[in-house]
Structures are given as structure tokens and as C-alpha cells.
Colleague: 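One structure, pasted below without further comment.
In this text the structure is predicted, and so the values were computed from the model without any measurement.
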Amino acid sequence: MLLASLGLAIGVVTYYLFKDMNPVILPGMKPVTSIPDEMEVGAPGHSSSEGQILVWGIAAFVFGAPLGLVGNVARIPGFGGLPFRLLVPLIAFFEATQRLNAEADSQGPVFAMTWNVIRVAACVAAVALLGHTVWSWRVRRGRADERTDVAAPSRRP
């Protein structure tokens, strides 16, 4: 659990460090911050990644352990782990839908198309996960049936 928390926190710090190294805002995009100004660590009126690293790093450390547990449970084969495997496409679909509702009008058509592609990819991934689970279950069930047929004594009249 500690490894999951540390890994997620290190990922957050790495993300913001690389973001500061290459602060390119694409044409037509507005710069936004993910935390309120009063929570910023830097000077007033100056946007800095320090506050975002602090807030998101703490959140990553706190939520890393439960997310690591969910990831471990998702490895359970068959239908037992399926709901946990479906969390990633579900969250991606939900996030893309929320972004489209909140930001699509102000960001332009490329933005809307990008998030719609993500929504479609999330649906395709969910269907693929479901199909793989059903296929694996049927294959295991078929092999189990073959073993019981082989192990059963033959009946002669």
C-alpha cells in the first residue's frame, strides 16, 4: 500500500516538474489552474506549480493505498475482478463527459472532438474487457467440462 502511495505521489511531482520545464499552451487554449488562488504557495498573483504539487501530492499519497488495493483486486480473474477493471474506462468516460459539458464551448471544436474520441475509446475498452472476461470464462468452463469427461469412468452396457 505504501508503494502505491509513493508511486502516485512521485508521478504527480514528476508531472508538474516536466510541465514547468515545457510550459507550452496550445493556440486557442486558455491557461487554467486546478486549485484555487488562495491555496497557491507562490507569491500572490503569480501562478506556480508548488501549490499544485503540494495539494495533488498529498492527495496522491492519501488515495494511493486504496487505489493500489483496487488495482490488486482488479487482477482477480473472471467476473470477480471485472467491476474493478471497468473502473478505468468508466472514469475516463465520466471525466470526458464532464469536460465536454464544462469547457467545450470555450475551447473550440478540436477540444470537443478530442474528448469525444476519448469517450468512444473508453466504451470500446469497456466492451473489450467484458468480452475478454466472458471469453476466458467460457474457455475455462470448456476445459473443466473436458476434464470431467476424461476423468469419468466409461459406462458399458
Colleague: Might you confirm whether atom CZ of Phe79 has over 12 heavy atoms from other residues, nucleotides or ligands at distances under 6.0 Å?
Modeller: yes

Colleague: Could you grab the distance from atom CG of Leu3 to atom CG of Leu8, nearest 0.5 Å is fine?
Modeller: 11.0 Å

Colleague: If you compare all heavy atoms of Gly57 against all heavy atoms of Ala9, which two are closest, and at what distance to 0.1 Å?
Modeller: O-CB, 4.0 Å

Colleague: Report the residues that fulfil side-chain contact (heavy atoms from CB on, under 4.5 Å) with Arg138, sequence neighbours left out, ordered by chain and then residue number.
Modeller: Val134

Colleague: Listed by chain and number, what are the side-chain contact (heavy atoms from CB on, under 4.5 Å) partners of Phe84, not counting sequence neighbours?
Modeller: Val70, Val73, Ala74, Leu87

Colleague: Please list all pairs meeting side chain to side chain donor-acceptor pair (under 3.5 Å) that have one or both residues in residues 73-85, counting only residues at least two apart or in different chains.
Modeller: Arg85-Thr133

Colleague: Hey, could you give me each pair passing side chain to side chain donor-acceptor pair (under 3.5 Å) that has a residue in residues 62-72? Not counting sequence neighbours.
Modeller: none

Colleague: CG of Asn101 to OG1 of Thr97: how many Å apart, nearest 0.5 Å?
Modeller: 6.5 Å

Colleague: If you link ILVMFWY side chains whenever their heavy atoms are less than 4.5 Å apart, which other residues fall into the same cluster as Val139? By chain and number, please.
Modeller: Trp135

Colleague: How far does CD1 of Ile10 sit from OG of Ser5, to the nearest 0.5 angstrom?
Modeller: 10.5 Å

Colleague: Side-chain heavy atoms under 4.5 Å apart, restricted to Ile/Leu/Val/Met/Phe/Trp/Tyr: what other residues fall into the cluster of Leu6, or is it alone?
Modeller: Leu2, Phe61

Colleague: Gln98: which residues meet the side chain to side chain donor-acceptor pair (under 3.5 Å) condition with it, sequence neighbours left out?
Modeller: none

Colleague: Measuring from Trp56:CH2 to Tyr15:OH, what's the distance to the nearest 0.5 Å?
Modeller: 10.5 Å

Colleague: Following the transitive rule for hydrophobic clusters with a side-chain heavy-atom cut-off under 4.5 Å over Ile, Leu, Val, Met, Phe, Trp and Tyr, establish whether Ile76 and Leu69 coincide in one cluster.
Modeller: yes

Colleague: Run the side-chain donor-acceptor check on residues 111-131: report pairs under 3.5 Å with partners two or more places apart or on a different chain.
Modeller:
{"residue": "Thr114", "atom": "OG1", "partner": "Val110", "partner atom": "O", "Å": "2.8"}
{"residue": "Asn116", "atom": "ND2", "partner": "Ala112", "partner atom": "O", "Å": "3.2"}

